[in-house]
Student: 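Sharing a structure here in structure tokens format.
Because the structure is predicted, anything quoted here is derived from the model rather than measured.
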Amino acid sequence: MRPSTRLLATAGLLLSAACSSSRPAPTGANAPDAGLQQVPATGMEGCLLYADGRQTGTVPRQVPELSGLAASQRHPGIFWGHNDSNNAFELFALDESGAVKATLTLTGADPRDIEDVAVGPCTPGGKDTCIFLADTGDNFERRKEVRLFRLAEPATVENTSVPVEPLPFTYEDGAHDAESLIVDARSGQVGILTKTRVSLGDLYAVEGLKPGATGKARKLGTLRVPDDVDRLSTAAALHPSGERLLVRTYTRLWELRRPDAKRLEDFVQAQVVEVPGASQAQAEAVTFLQDGRGYLLGSEFVGEPLVRVDCR
């Protein structure tokens, strides 16, 4: 959800933010640092180093408040995207140019503040893939219960109406604002990363998710960047290998690396490095490509660039 006062220092340090519905002016304030010195991902699946990002398209008019992206696991080149709150309950099949290939009209729930999307096993250990939407925005941390919405990933890319399964859950330690959803494609483990001004966020494993029941989010630990120079996470994406986790903020993009990671809790002790980001007005979306060899970055506001980062 958009904060009302977002003070962005030109050096990239986010000093403070307050929450409401006003938008920041589209500027280059969140451009990546020039001459970023990358740390090689030696011995890990995916890119050893990343190339500079290149614009592949723009945010389409149908998704003016693009808040989440997730690469399809069934349809190469397709990315599932959605709007922020106060929009129709829809999910869009996009390509990297921003062309809308299909619109899914979602039914069966009344969302409050959808903040992210991920694709993974419908059930832990299952082979069928589902799309998960995180209705977890809570600027004032007052919601007693938040929800995920689950739907089977469609077999075809076409306009249709699809019912969702609401999967409510609560945090073990009270309400939190969260804009980052993580689903492990190997195990189906579901995670939430909170949005906080004091760290990169608190990482939770969400357990006991099923229709008609209320799951519980269990705290795994706190994620931090070196010297605590960044905070307020807006999106996250887990690599297909499960060993690399992208976390986006308003100013930068971070990759958490943990060789041989088996569970999300392993990332609490991960190496944290900065990787190439993009100059976008409101940085709220990131996803690895389907094959894990790069990622796509999105932003709110029609006409903002979609930026793809590949291996160097």
Side-chain angles (χ1 to χ4, degrees), residues 1-8 13-24 30 65-69 82-87 109-118 132-149 166-183 190-207 209 214-225 228 230-237 245-254 256 264 267-268 282-286 298-300:
M1 193 67 172
R2 294 180 301 273
S4 63
T5 306
R6 187 167 297 138
L7 303 177
L8 298 177
L13 175 62
L14 188 56
L15 298 177
S16 65
C19 301
S20 82
S21 60
S22 63
R23 296 178 174 176
N30 57 348
E65 297 184 44
L66 178 64
S67 188
L69 284 168
H82 64 88
N83 280 307
D84 205 332
S85 58
N86 301 317
N87 286 278
D110 183 17
R112 289 181 58 177
D113 190 0
I114 298 176
E115 292 290 357
D116 205 2
V117 59
F132 295 81
L133 292 160
D135 183 9
T136 55
D138 189 9
N139 282 342
F140 300 104
E141 298 184 347
R142 295 175 179 172
R143 296 177 65 176
K144 294 181 179 179
E145 181 180 274
V146 290
R147 298 171 294 179
L148 302 183
F149 300 125
L167 304 172
F169 68 93
T170 61
Y171 297 94
E172 64 180 2
D173 53 357
H176 297 279
D177 188 23
E179 298 190 6
S180 304
L181 172 64
I182 305 161
V183 178
V190 175
I192 293 288
L193 182 64
T194 64
K195 184 179 184 182
T196 169
R197 299 185 184 96
V198 298
S199 69
L200 204 57
D202 293 326
L203 182 61
Y204 288 79
V206 187
E207 301 164 341
L209 289 170
T214 300
K216 184 72 71 175
R218 174 175 58 87
K219 187 175 178 178
L220 304 177
T222 299
L223 305 185
R224 297 186 181 277
V225 302
D228 283 330
D230 205 3
R231 59 213 68 172
L232 289 170
S233 298
T234 61
L245 176 67
L246 288 174
V247 177
R248 193 164 199 196
T249 70
Y250 290 115
T251 57
R252 301 183 187 183
L253 181 65
W254 302 92
L256 284 70
L264 293 180
F267 286 98
V268 176
Q282 184 144 320
E284 296 225 356
V286 65
S299 172
E300 291 196 6

Student: Of all the heavy-atom pairs spanning Phe267 and Leu223, show the shortest one and how long it is.
Tutor: O-CD2, 3.6 Å
Student: Using modelled atom types only, decide if a donor and an acceptor are shared between the side chain of Thr136 and the backbone of Ala178 within a distance under 3.5 Å.
Tutor: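 At least one qualifying donor-acceptor pair exists.
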Student: At what distance, to the nearest 0.5 angstrom, does CG of Leu133 lie from CZ of Arg147?
Tutor: 11.0 Å
Student: Can you tell me how far NZ of Lys195 sits from OG1 of Thr249, rounded to the nearest 0.5 angstrom?
Tutor: 10.0 Å
Student: Would you say Glu115 and Ser67 are linked by a side-chain donor-acceptor pair, where the criterion is simply a distance under 3.5 Å?
Tutor: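 On atom types as modelled, these side chains qualify, holding a pair under 3.5 Å.
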Student: Could you tell me which non-hydrogen atom of Arg142 sits nearest to which non-hydrogen atom of Ala175, and how far apart they are?
Tutor: N-CB, 4.2 Å
Student: If you measure from CD1 on Ile182 to CG on Leu264, what distance do you get to the nearest 0.5 Å?
Tutor: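 CG of Leu264 is found 6.0 Å from CD1 of Ile182.
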Student: May I ask you to decide if Asp113's main-chain N or O and Ser85's side chain share a donor-acceptor pair within less than 3.5 Å?
Tutor: no
Student: For side chain to side chain contact (heavy atoms under 4.5 Å, CB included), just list the numbers for Val117 and Phe132, CA-CA rounded to whole Å, side-chain angles, deciding distance to a tenth of an Å, and then say yes or no.
Tutor: CA-CA 6 Å; Val117 59; Phe132 295 81; over 6 Å; no
Student: If we only count heavy atoms from C-beta on, is the Thr194 to Asp177 side-chain gap below 4.5 Å?
Tutor: no
Student: Quiz question: by atom type and distance under 3.5 Å, do the side chains of Asp202 and Thr222 form a donor-acceptor pair?
Tutor: yes
Student: Ignoring hydrogens, what is the shortest heavy-atom contact between Glu284 and Asp84? Give both atom names and the distance.
Tutor: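 The answer is OE1-OD2, 4.3 Å.
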Student: Write down the atom of Phe149, the atom of Pro166, and the distance for their closest heavy-atom approach.
Tutor: CD2-CA, 3.8 Å
Student: Strictly below 4.0 Å, N to O, side chains only: are Glu172 and Lys216 in salt-bridge contact?
Tutor: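 No.
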Student: So, taking the atom named CG in Asn83 and the one named CD in Glu300, what distance separates them when rounded to the nearest 0.5 Å?
Tutor: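 Here the interatomic distance stands at 8.0 Å.
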Student: Are any of the side-chain heavy atoms of Arg231 and Thr196 separated by less than 4.5 Å?
Tutor: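 No. Closest side-chain heavy atoms not under 4.5 Å.
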Student: Any salt bridge between Asp135 and Arg143, counting N to O under 4.0 Å?
Tutor: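 A salt bridge is present here (some side-chain N lies under 4.0 Å from a carboxylate O).
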Student: What are the two closest heavy atoms between Ala283 and Ser299, and how far apart are they?
Tutor: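 Nearest heavy atoms, Ala283 then Ser299: N-OG, 4.3 Å.
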Student: For the backbone of Leu181 and the side chain of Asp116, can you confirm whether one donor and one acceptor N or O come within less than 3.5 Å of each other?
Tutor: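 Flag set: sc Asp116 to bb Leu181 pair under 3.5 Å.
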Student: Taking atom CD1 of Ile114 and atom CG of Asn86, what is their separation to the nearest 0.5 Å?
Tutor: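 Result: 11.0 Å between the selected atoms.
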Student: Mind telling me whether Tyr204 and Tyr171 have parallel, tilted or perpendicular rings, with 30° and 60° as the class edges?
Tutor: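 The arrangement is perpendicular - the two ring planes meet at more than 60°.
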Student: Test your reading of the model: is there a side-chain donor-acceptor pair from Arg224 to the backbone of Val198, 3.5 Å cut-off?
Tutor: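 It does hold such a pair.
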Student: Between Val286 and Leu246, what is the shortest heavy-atom contact and its length?
Tutor: CG2-CD1, 3.8 Å
Student: If only side-chain N and O atoms count, and only distance matters, is there a donor-acceptor pair under 3.5 Å linking Asp228 with Ser199?
Tutor: no
Student: For the pair Ser233 (side chain) and Leu200 (backbone), establish whether a donor and an acceptor sit closer than 3.5 Å, ignoring hydrogens and angles.
Tutor: yes
Student: Report yes or no: does Arg197 contribute a side-chain atom to a donor-acceptor pair with the main-chain N or O of Leu232 at less than 3.5 Å?
Tutor: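 The answer is no, because no donor-acceptor pair under 3.5 Å joins these two groups.
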